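Reading through the structure tokens given below for one structure.
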Amino acid sequence: MLMDSPIKIYEHLLHVLEQIPRGKVSTYIKIAEALGDPVAAKAVKDALERERFAEFKTKILESAQRSSDAFTDFVSDRPLELLASYQMEQAEQVIRDDDFNGSDRIAGVDVSYQGDVAASACVVMDSDLEVIDSASTVIPVSFPYIPGYLMFRETPAIEAIAEHVSGFDLLMVNGHGIAHPRGCGLASYVGLKLEQPTIGVARTLLVGEKEEMGHSVKYNGEVVAAEINRPGHPPFYVSTGHRISLTSCVEIVERMEGRRQLPEPLRLAHLEARRLMREL
DNA sequence: GCGACAG
DNA sequence: ATCTTGTCGC
């Protein structure tokens with residue numbers, strides 16, 4: 001599938017909302033289904049909170065009401081279905097084995113938000129946890145947060161800043177790699193687009209379950225992530241992004257671990273992204 | 001009562 | 001992710 005131009009999800013939403021007949025109502029779930037995936041129900045709700053769609057909010061049923069009479073006969077291109085199949089295609093391109101030269105220079109990226117604006121920061125560190133380079137920038141966002149579709153919201157901001165940093169061997173991303181419903185989370189996608197090895201680091205699981213014994217997280221019968229435990233801190237999860245094995249992910253993440261919960265490059269990138277956003 | 005979902 | 005002060009504890 002070709003993804004030359006980004007999906008204009010809000011225009012699709014507008015198109016769907018306008019189909020609700022005058023005097024009739026619908027539900028967030030039905031609208032999300034029309035967009036191609038019911039998981040987007042909360043994102044639909046969030047969108048209707050915004051000025052642009054405020055006029056349609058009266059067309060939503062109260063949650064306590066029964067939705068049997070909700071308008072559901074929408075005509076839509078179902079954009080989220082398109083995006084989901086795109087992810088499945090991309091998943092096949094992901095390399096889950098080690099395919100990198102050195103691992104001295106580790107970078108971390110993170111993004112901070114404020115309305116329709118994103119501030120992204122990238123920090124590169126060496127094996128001694130010394131900062132080698134860093135950069136940050138601001139860029140508009142045009143896609144909402146929808147569980148499973150984070151890549152479409154965050155990748156543009158990450159690409160925008162990753163280019164402005166000197167060479168790194170490996171990039172750590174806040175979000176899952178292959179530990180994703182369709183095998184291609186943000187970290188994997190960023191790896192494919194930048195053609196760089198990436199590691200996914202996330203605070204909570206999106207899919208999968210930790211095995212009774214050990215630290216492995218299994219999804220559909222395969223190990224897709226590892227739980228990392230640091231004394232005094234809640235656990236977090238690491239998964240293959242692109243061109244690296246899970247074993248190496250764990251090894252590198254533990255090596256870049258300061259005394260905090262998350263790896264230093266990610267912690268610093270997070271601080272920098274927030275700092276930049278708050279000074280605007 | 002079920003489900004509860006990266007950032 | 002973000003909205004948000006003080007407060008408890010190392």
Side-chain angles (χ1 to χ4, degrees), chain A residues 9 27-29 32-33 35-47 49-50 63-64 66-67 80 83-84 87 91 108-122 138-159 161 172-191 198-210 217 219 224-228 230-241 249 253 259-263 266-267 269-278 280:
Chain A
I9 190 78
T27 69
Y28 297 133
I29 288 277
E33 283 172 349
L35 291 176
D37 193 334
V39 79
K42 283 176 186 165
V44 171
K45 177 185 185 297
D46 291 343
E49 304 287 316
R50 319 206 55 169
S63 58
R66 297 187 54 198
S67 57
L80 294 181
L83 296 180
Q87 291 177 321
V109 279
D110 193 34
V111 183
S112 181
Y113 296 92
Q114 198 170 90
D116 289 333
V117 178
S120 55
C122 187
V138 169
I139 185 177
V141 290
S142 56
F143 200 93
Y145 169 69
I146 301 173
Y149 300 82
L150 176 63
M151 61 159 71
F152 302 108
R153 175 174 174 78
E154 207 150 297
T155 300
I158 292 178
E159 281 187 297
I161 197 57
M172 301 198 300
V173 178
N174 260 315
H176 294 292
I178 64 172
H180 177 276
R182 292 167 287 281
C184 186
L186 174 66
S188 295
Y189 191 55
V190 167
T198 54
I199 297 176
V201 179
R203 296 173 173 287
T204 62
L205 290 174
L206 178 58
V207 296
E209 297 174 351
K210 188 173 79 74
V217 173
Y219 181 59
V224 295
E227 183 182 77
I228 304 292
R230 306 266 61 167
H233 290 291
F236 63 94
Y237 305 87
V238 173
S239 61
T240 289
C249 285
V253 162
R259 227 169 49 186
R260 316 302 187 89
Q261 183 195 3
L262 294 180
L266 282 180
R267 191 178 70 84
H270 183 264
L271 288 178
E272 177 55 21
R274 289 214 70 178
R275 188 198 64 71
L276 175 58
M277 179 54 81
R278 303 180 83 147
L280 289 180

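So that the names make sense, note that chain A is the first sequence line, chain B the second, and so on, each numbered from 1. Everything numeric here is computed off the predicted structure, so don't read it as measured data.
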In short, A:A43 meets A:I146 closest at the heavy-atom pair CB-CG1, 3.7 Å
Check step by step if side chain to side chain contact (heavy atoms under 4.5 Å, CB included) holds for A:L80 and A:I9. CA-CA 8 Å; A:L80 294 181; A:I9 190 78; 3.9 Å; yes
Write down the protein N/O and nucleotide N/O pairs, taken from nucleotides 8-10 of chain C, whose separation is under 3.5 Å; answer none if there are no such pairs.
none

Would A:I158 and A:L186 count as a side chain to side chain contact (heavy atoms under 4.5 Å, CB included) here? Give the steps. CA-CA 10 Å; A:I158 292 178; A:L186 174 66; 4.1 Å; yes
Rounded distance in Å - CG (A:D46) to C1' (C:dC3): 13 Å
Could you tell me whether a side-chain N or O of A:R182 sits under 3.5 Å from a main-chain N or O of A:G148, the two making a donor and an acceptor? yes
What does nucleotides 1-7 of chain B look like as a protein-contact string, B for base, S for sugar-phosphate only, - for none, at under 4.0 angstrom between heavy atoms? ----BBB
In dot-bracket, 5' to 3', how would DNA chain C read with Watson-Crick or G-U wobble pairs under 3.5 Å, [ ] for crossing ones and | for pairs to another strand? ..........
Might you confirm whether atom CD of A:E49 has over 12 heavy atoms from other residues, nucleotides or ligands at distances under 6.0 Å? yes
Does any non-hydrogen side-chain atom of A:V141 lie less than 4.5 Å from one of A:P156? no
Mind checking A:R274 for me? I need base, sugar-phosphate or nothing, with any heavy atom below 4.0 Å counting as a touch. sugar-phosphate
Donor-acceptor pair, side chain of A:S112 and main chain of A:A119, under 3.5 angstrom: no
Nearest whole angstrom, please: distance from the C1' of C:dA1 to the CG of A:L276. 15 Å
For A:A91, check side-chain contact (heavy atoms from CB on, under 4.5 Å) against everything at least two apart and list the hits. A:C184
With side-chain hydrogen bond (donor to acceptor under 3.5 Å, both in side chains) as the rule and sequence neighbours excluded, what pairs involving residues 144-154 of chain A come up? A:D37-A:Y149, A:Y113-A:E154
Any stem touching DNA chain B, meaning at least three consecutive Watson-Crick or G-U pairs under 3.5 Å, ordered by first number, would be none
For A:S188, is there any backbone N or O sitting under 3.5 Å from a side-chain donor or acceptor partner on A:H176? no
A side-chain contact here means heavy atoms from C-beta on lying under 4.5 Å apart; do A:F143 and A:L83 qualify? yes
Under 3.5 Å, side chain of A:S239 to main-chain N/O of A:G177, donor-acceptor pair present? yes
Do any N or O atoms from the side chain of A:S120 and from the backbone of A:A157 form a donor-acceptor pair under 3.5 angstrom? yes
